[in-house]
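Remarks on the structure that follows.
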Number of protein chains: 2
Amino acid sequence: MAVTMRHVAERAGVSVKTVSNVVTGYPHVRPQTRERVERAIAELGYQVNLSARSLRQGRTGIIGLALPELSLPYFAELADSVIRVAEQHGLVVLIEQTGADRARELEVLHSERRRLTDGLLFSPLALEPDETALLEVGYPLVLLGERIFDGPADHVTMANVEGARAATTHLVERGCRRIAVLGAHEGERMGSAVLRLEGYRAALADAGLPFDPALVGPAGAWHRSTGAEAMARLLDTGADVDGVFAMNDALALGALHTLHLRRVAVPQEIAVIGFDDVDDARYSQPPLSSVSPGREQIARTAVQLLVERIAGSVVAPRRVVADFEVAARESTAR
Amino acid sequence: MAVTMRHVAERAGVSVKTVSNVVTGYPHVRPQTRERVERAIAELGYQVNLSARSLRQGRTGIIGLALPELSLPYFAELADSVIRVAEQHGLVVLIEQTGADRARELEVLHSERRRLTDGLLFSPLALEPDETALLEVGYPLVLLGERIFDGPADHVTMANVEGARAATTHLVERGCRRIAVLGAHEGERMGSAVLRLEGYRAALADAGLPFDPALVGPAGAWHRSTGAEAMARLLDTGADVDGVFAMNDALALGALHTLHLRRVAVPQEIAVIGFDDVDDARYSQPPLSSVSPGREQIARTAVQLLVERIAGSVVAPRRVVADFEVAARESTAR
DNA sequence: CTGTTAGCGCTTTCAG
DNA sequence: CTGAAAGCGCTAACAG
């Protein structure tokens, strides 16, 4: 069957332990011995059995990444970044999709598969903020996103309030006075939607503009389709609008779609800005202005925190807020 | 430390083997015994150690998925589908990104990490078609995509020639007579670009239209940016064009971007069709017609083939071509 | 239907 | 600097 350390040891005329020492890079091996072992490894095409190593060490070198779905560009790009960063730490990434479903989010947290990963990066969407007790898991966990605060786990988040405030202010500075917001979650007390709405309201207040509930467009899921529908509903109410802050780019792109169908000129009649700065934003018609939330930084920080936890760090839960910036493009150029 | 089968066995007053039988669902266990074991498991919060199981069985329950990058929507959506299908087979997915880099593609094929996965779904972009020898690996392997033919591995591909032919014919039927193609790879002998160009030419021949090299727009990487550039170059040559077949949706969306900047009306002046039918296509301005290559079917088939190989199937390498259809939208509505 | 035994391939003591 | 022995937690094989 497969070639094991024993085979290598026999061929090199050393003990298994010495082979192990060579493979793991233990420094105190005589150069000559090391070379002999390495030759035997090459000749036999030996590769360590990672299952055996895992069983022995209690580590697998795998981290989990649980997110709503890869079809959403923001999460695809986040996963891309996480995989790259993890690789620099010698880790590989197992991706699990929750579909933003509460039961599946719980399943992911408590699954047997957690025994296969050294830790988990978890981007919850359905768990409620007061359910932090559910996050009392017995393994290294780092949260991504905004829904859970003051939980028992490390937490890397984007600057929701400040980003939304900057986006809205960006519209104000371009002369918008009747600014709608898309993506509100009614009745929610926490999460991105609440925070981004808060930033929107703060910017209006900064500018001395009134908050008009008629300009708030709810949208449960933040997809292009729901963005298109929310925009259509808003226009159907006959609301007077000259700017739109969409809580993410998918909503914004959906809104652009509706505006195009309705022959509303962007940015002349209505300026539009999104949030996330996904790659699509650069190539929509017109190119979409957006808040760039520091995806790279989030991935880098999250993996770093997780690696520290895996190494045994026991400091209190940390919270990191990533930097953001407004990427101004044609959809707000006026 | 962690709670093991022994602890459960002691608590339930049975042997480890019985616990194992319960955990693995072995049917011949007395209901009463089973119940006692299950209660002990629940009380202790026991979970099997998957590393130990893997070591024993020689299987990990993990499959690898190697693709260029998740940031490309087509691959993100493919990964989404693969993860869902794998889950139905009780498998989880480890994603590796090659960046379409030859060295990294080779690394992925021969990495130690392959000892951690039961098999690999591999979407090569850089390996050359005559390098099939490199695919003589000692583990279950299923190829996705088009670059390698007649290799030693199973292979699930989309209908490149027929899809491209149908897309081009779609433009012909809408009255286009000067149809450009974007995404050609000059000097390549195999791969999606070559095949889709072949389909394009076949459709022109079907319609009795001449093939004009001036209407072939090369683009190495199939990104939105390169599509935008290729379209711009084509317009700059002053070529008379009334239709564009882009070899994938990213190129097509980039082309739409350029056409918008140049104030060319789509579809009135130039109709555009892409390939892949990614989610974006539905929400571009105007919505993009595209060839839908059966992503779901590809994922389902690929995982199925891999599962059979993992189970020990030794039939000759199989090749499956997925069904496709043309999704007609506004970008070709005339 | 259930228990005992052995060993998957590795790393970790502990000696030398 | 290297070797011998033990054992990580599980399941396959074989008894009973």
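Here the structure is a predicted model, which is why all the values come from computation and not from measurement. Residue numbers start from 1 in every chain, and the chains themselves are labelled A, B, ... in the order their sequence lines are given, proteins ahead of strands.
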To the nearest Å, how far apart are B:H28 NE2 and D:dG16 C1'? 17 Å

Give, for atom CG of A:N21 and atom OG1 of A:T33, the distance between the pair rounded to the nearest 0.5 Å. 10.5 Å

Using only side-chain N and O atoms of B:T18, determine if any of them is under 4.0 Å from OP1 or OP2 of C:dC1. no

Does A:S15 have a side-chain nitrogen or oxygen under 4.0 Å from the phosphate oxygens OP1 or OP2 of D:dT2? no

Would you kindly give the CZ-to-C1' distance between B:R53 and D:dG9, to the nearest whole Å? 11 Å

Rounding to an integer number of Å, can you tell me how far A:R59 CZ sits from C:dT12 P? 10 Å

Would you kindly give the NZ-to-P distance between A:K17 and D:dA6, to the nearest whole Å? 16 Å

D:dA12 phosphate, OP1 or OP2, under 4.0 Å from B:Q57 side-chain N/O: yes

Check the distance between C:dT11's C1' and A:R6's CZ and give it to me in whole angstrom. 16 Å

If you find the nucleotide of DNA chain C closest to A:V23 and the one closest to B:A52, which residue's nucleotide is nearer the 5' end? B:A52

Of the listed nucleotides D:dG3, C:dT2, C:dC10, the one nearest the side chain of A:V14: D:dG3

Of all the choices, C:dT2, C:dT11, D:dG9, which nucleotide is nearest to the side chain of B:Y26 once you look at every atom? C:dT2

Look at the side-chain N and O atoms of A:T33 and state whether any lies under 4.0 Å from the OP1 or OP2 oxygen of D:dT2. yes

Here the gap from A:L135 atom CG to A:L106 atom CG, rounded to the nearest 0.5 Å, amounts to 9.0 Å

B:H7 NE2 to D:dG9 C1': how many Å, rounded? 11 Å

Side chain to side chain contact (heavy atoms under 4.5 Å, CB included) assessment of B:L55 paired with A:N49: CA-CA 8 Å; B:L55 175 57; A:N49 179 321; 4.2 Å; yes

Write down the distance between CZ (B:R115) and P (C:dC8), rounded to a whole number of angstrom. 14 Å

Send over the distance from B:N21 CG to D:dA12 P, rounded to a whole Å. 9 Å

Side chain to side chain contact (heavy atoms under 4.5 Å, CB included) between A:M5 and A:Y46, intermediate numbers included: CA-CA 8 Å; A:M5 266 189 183; A:Y46 168 76; 3.2 Å; yes

Of the candidate nucleotides C:dC1, C:dC10, D:dC10, which contains the atom at the shortest distance from the side chain of B:T4? D:dC10

If the threshold is 4.0 Å, N to carboxylate O, is there a salt bridge linking A:E69 and B:R84? yes

Between C:dG3, C:dC8, C:dC10, spot the one nearest the side chain of B:R56, thanks. C:dC8

Base, sugar-phosphate alone, or nothing: which one does B:S51 contact when heavy atoms must sit under 4.0 Å apart? nothing

